[in-house]
Undergrad: 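Okay, here's the structure, questions in a sec.
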Amino acid sequence: MASMTPECIWDVGAHLGEGALWHAATRSVWFVDIKGRRIHRCAADGSERRSWEAPGQPGFVVPASGGAMVCALEDGLYRFDDAGGEFAPLRKVEDDVPGNRFNDGHVDVGGNLWFGSMDDGQLAPSGALYRLGRDGVLSRADAGYIITNGPAISPDGQTLYHTDTPLRRVYAFELREDGSLAGKRVFLQLPEGSRPDGMAVDREGHLWIALFGAGRIERYTAAGRLVGSVGFPCTNITKLAFGGADLRTAYVTTAWKGLTPAQRREQPLAGGLFAFRIDTPGLPHTVLALP
């Protein structure tokens with residue numbers, strides 16, 4: 001399944017790297033450092049690096065219509081101008097829940113944004129899964145999460161996967177044509193030591209799951225059967241995105257959050273951005289449709 005060992009293409013040292021994204025229009029990789037409060041961008045090979053400070057904890061960043069970028073800070077969604085490094089409020093979300101922040105997002109083929117909130121203390125089930133439709137309507141699709149992660153959608157657009165990391169549980173939903181969810185079920189219950197984090201789906205419908213604390217990414221069929229694994233030289237793997245001209249390069253964010261000083265010395269590349277080649281192409285990233 002993987003044709004090369006993961007290579008660190010940017011030893012950025014992210015405290016909590018997240019939200020790997022391939023931006024096809026600029027042939028660049030975007031990602032965030034949530035706890036470091038920074039947004040990062042680089043070329044496909046890790047060169048041409050740029051970083052911006054954020055006024056809060058950025059959960060994710062996605063491309064939007066009109067050439068804009070949109071990110072989530074603790075109190076909602078913001079437009080991000082990479083030319084000036086400025087953040088402009090777009091939509092307040094959970095600004096009345098000061099203990100929560102946002103964590104991970106995904107734009108479906110219709111241009112709708114799916115994103116989750118979570119308890120920043122990682123204890124209370126105060127997180128929720130939201131959908132911002134291309135019509136501007138914001139809806140809460142599900143709730144009761146401690147740490148939301150994912151989301152990812154099957155190639156046929158009929159299944160949405162979402163994760164509660166501390167419970168080591170990946171859920172699957174029926175995604176209806178009107179954007180609503182139904183039929184929530186446990187797709188995977190992973191063993192102790194395997195905390196599912198960010199995910200991505202390839203063209204064959206296989207789900208790739210980054211495992212925080214386990215030092216690897218696992219690949220599962222749509223039936224939930226494990227068919228491959230890619231190991232890393234650090235333990236906290238947070239998110240992957242398929243990119244490159246052929247969508248056969250996996251870009252992966254990692255973190256040093258939670259590591260002891262001794263573990264950080266043993267894992268000098270923790271927090272770096274990695275890349276490796278795969279056999280099956282991923283799915284293209286979609287632009288968020290702003291009304």
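Since the model is a prediction, treat every value here as computed from it, not as a measurement.
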Undergrad: I'd like to know if the side chain of Asp11 reaches the main chain of Leu269, judged simply by a donor and an acceptor atom lying under 3.5 Å from each other, with no hydrogens or angles considered.
TA: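 No, Asp11 side chain to Leu269 backbone: no donor-acceptor pair under 3.5 Å.
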Undergrad: Is a side-chain N or O of Ser65 found less than 3.5 angstrom from the main chain of Leu290, in a donor-acceptor match?
TA: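 A pair under 3.5 Å: yes.
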Undergrad: Main chain of Leu211, side chain of Arg195: is a donor-acceptor contact present, judged purely on distance under 3.5 Å?
TA: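 Judged by distance alone, no pair lies under 3.5 Å.
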Undergrad: Mind checking side-chain hydrogen bond (donor to acceptor under 3.5 Å, both in side chains) for Thr159 and listing every partner two or more places apart, or none if nothing turns up?
TA: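 Partners of Thr159 under the side-chain hydrogen bond (donor to acceptor under 3.5 Å, both in side chains) test: none.
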Undergrad: Quick check: are there more than 12 heavy atoms from other residues, nucleotides or ligands sitting under 6.0 Å from CZ of Arg49?
TA: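 Enclosed: over 12 neighbouring heavy atoms sit under 6.0 Å from CZ of Arg49.
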Undergrad: Among Phe60, Trp22, Trp52, find the residue that satisfies the ring pair (Phe, Tyr, Trp, His ring centres under 6.0 Å) test when tested with Trp30.
TA: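 Exactly one option meets the ring pair (Phe, Tyr, Trp, His ring centres under 6.0 Å) with Trp30, and it is Trp52.
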Undergrad: Are Arg219 and Asp202 close enough for a salt bridge, meaning some N to O gap below 4.0 Å?
TA: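 The answer is yes: the pair qualifies as a salt bridge.
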Undergrad: Which pair of heavy atoms, one from Leu181 and one from Ala141, lies closest together, and at what distance?
TA: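 Between these two residues, the closest heavy atoms are CD1-CB, 3.7 Å.
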Undergrad: For residues Leu138 and Leu132, determine if any side-chain heavy atom of one lies less than 4.5 Å from a side-chain heavy atom of the other.
TA: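 They are in side-chain contact.
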Undergrad: Return the minimal non-hydrogen interatomic distance between Ser117 and Thr148, and the atom names on each side.
TA: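 Smallest heavy-atom distance, with atoms named: O-CG2, 3.0 Å.
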Undergrad: How would you list all residue pairs meeting side-chain hydrogen bond (donor to acceptor under 3.5 Å, both in side chains) that involve residues 53-64, not counting sequence neighbours?
TA: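 Found Lys35-Gln57, Gln57-Glu74, Gln57-Asp120.
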Undergrad: Phe115 vs Tyr130 aromatic rings, parallel, tilted or perpendicular, using cut-offs 30° and 60°?
TA: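 Ring orientation of Phe115 relative to Tyr130: parallel.
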Undergrad: Would you mind reporting whether Phe274 and Cys234 have side-chain heavy atoms less than 4.5 Å apart?
TA: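 SC-SC contact between Cys234 and Phe274 confirmed.
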Undergrad: Side-chain heavy atoms under 4.5 angstrom apart, residues restricted to Ile, Leu, Val, Met, Phe, Trp, Tyr: same cluster for Leu167 and Tyr145?
TA: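 The answer is yes; both residues are in one hydrophobic cluster.
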Undergrad: Test your reading of the model: is there a side-chain donor-acceptor pair from Asp119 to the backbone of Ala124, 3.5 Å cut-off?
TA: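 Checked: pair present.
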Undergrad: Under a 4.5 Å cut-off applied to non-hydrogen side-chain atoms, are Leu90 and Tyr78 in contact?
TA: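 Not in contact.
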Undergrad: Side chains of Arg216 and Ser194: closer than 4.5 Å at any heavy-atom pair?
TA: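 A side-chain contact under 4.5 Å exists here.
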Undergrad: Is there a donor-acceptor pair closer than 3.5 Å between any side-chain N or O of Thr253 and the backbone N or O of Leu273?
TA: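 Answer holds: no.
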Undergrad: With a 4.5 Å heavy-atom cut-off, do Met69 and Arg79 have their side chains touching?
TA: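 A side-chain contact under 4.5 Å is absent here.
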Undergrad: One thing to verify: whether Lys239 and Asp197 come together as a salt bridge, which I'm taking to mean a side-chain N less than 4.0 angstrom from a carboxylate O.
TA: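 Here Asp197 does not pair with Lys239 in a salt bridge, since their nearest N and O are not under 4.0 Å apart.
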Undergrad: Step through it carefully: locate the ring centre of His162, locate the ring centre of Tyr171, and say whether they are under 6.0 Å apart.
TA: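 Judged by ring-centre distance (under 6.0 Å), His162 and Tyr171 do not meet the cut-off.
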Undergrad: Taking the side chain as every heavy atom from C-beta outward, state whether Leu175 and Gln158 have any pair of such atoms under 4.5 Å apart.
TA: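 When only atoms from C-beta onward are counted, Gln158 and Leu175 do not touch, as no gap falls below 4.5 Å.
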Undergrad: Would you say Asp81's side chain and Glu86's backbone share a donor-acceptor pair under 3.5 angstrom?
TA: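 Here the side-chain-to-backbone pair does not exist.
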Undergrad: Enter the distance from Ile217:CD1 to Thr238:OG1 here, rounded to the nearest 0.5 Å.
TA: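 So the gap between those two atoms works out to 9.0 Å.
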Undergrad: Looking only at heavy atoms, what is the nearest atom pair of Phe187 and Ala223, with distance?
TA: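 That closest heavy-atom pairing would be CE1-C, 4.3 Å.
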Undergrad: Please check this pair: side chain of Arg168 against backbone of Leu190, looking for a donor-acceptor N/O pair closer than 3.5 Å.
TA: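 Such a contact is found between Arg168 side chain and Leu190 backbone.
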Undergrad: Would you say the side-chain atoms of Ser126 and Asn100 include a donor-acceptor pair closer than 3.5 Å?
TA: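 There is such a pair (donor and acceptor under 3.5 Å, judged by atom type) between the side chains of Ser126 and Asn100.
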Undergrad: So for atom CZ, which belongs to Arg37, do other residues, nucleotides or ligands contribute more than 12 heavy atoms lying within a distance under 6.0 Å?
TA: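 More than 12 heavy atoms, drawn from other residues, nucleotides or ligands, come within 6.0 Å of this atom.
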Undergrad: Contact between Ile153 and Trp114 at the side-chain level, heavy atoms closer than 4.5 Å - yes or no?
TA: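 Counting from C-beta outward, Ile153 and Trp114 do come under 4.5 Å.
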Undergrad: Work out which heavy atom in Gln267 is nearest to a heavy atom in Thr235; give both atom names and the distance.
TA: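 Here Gln267 and Thr235 meet closest at OE1-N, 2.9 Å.
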Undergrad: Search all heavy atoms of Ala200 against all heavy atoms of Phe242 and return the closest pair with its distance.
TA: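 Taking every non-hydrogen atom into account, CB-CE1, 3.6 Å.
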Undergrad: Quick check: closest heavy atoms across Ala152 and Leu207, and the distance to 0.1 Å?
TA: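 Minimum heavy-atom separation between Ala152 and Leu207: CB-CD1, 4.2 Å.
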Undergrad: Does the plane of the ring in Trp256 sit parallel, tilted or perpendicular to the ring in His15? Use 30° and 60° as the thresholds.
TA: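 Ring orientation of Trp256 relative to His15: parallel.
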Undergrad: With the side chain counted from C-beta on, respond yes when Trp10 and Tyr251 share a heavy-atom pair under 4.5 Å apart, and no when they do not.
TA: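 They are not in contact (no side-chain heavy atoms under 4.5 Å apart), so the answer is no.
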Undergrad: With a 6.0 Å cut-off (strictly less than), is the heavy-atom count around CD of Glu174, excluding the residue itself, greater than 12?
TA: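 Atom CD in Glu174 is crowded, with more than 12 foreign heavy atoms closer than 6.0 Å.
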Undergrad: One thing to verify: whether Glu18 and Lys257 come together as a salt bridge, which I'm taking to mean a side-chain N less than 4.0 angstrom from a carboxylate O.
TA: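 Judged by the 4.0 Å cut-off on N to carboxylate O distance, Lys257 and Glu18 do not form a salt bridge.
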Undergrad: Okay, side chain of Asp164, backbone of Ile146: is any donor-acceptor separation there less than 3.5 Å?
TA: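 Yes; judged by distance alone, with no hydrogens or angles, the pair exists.
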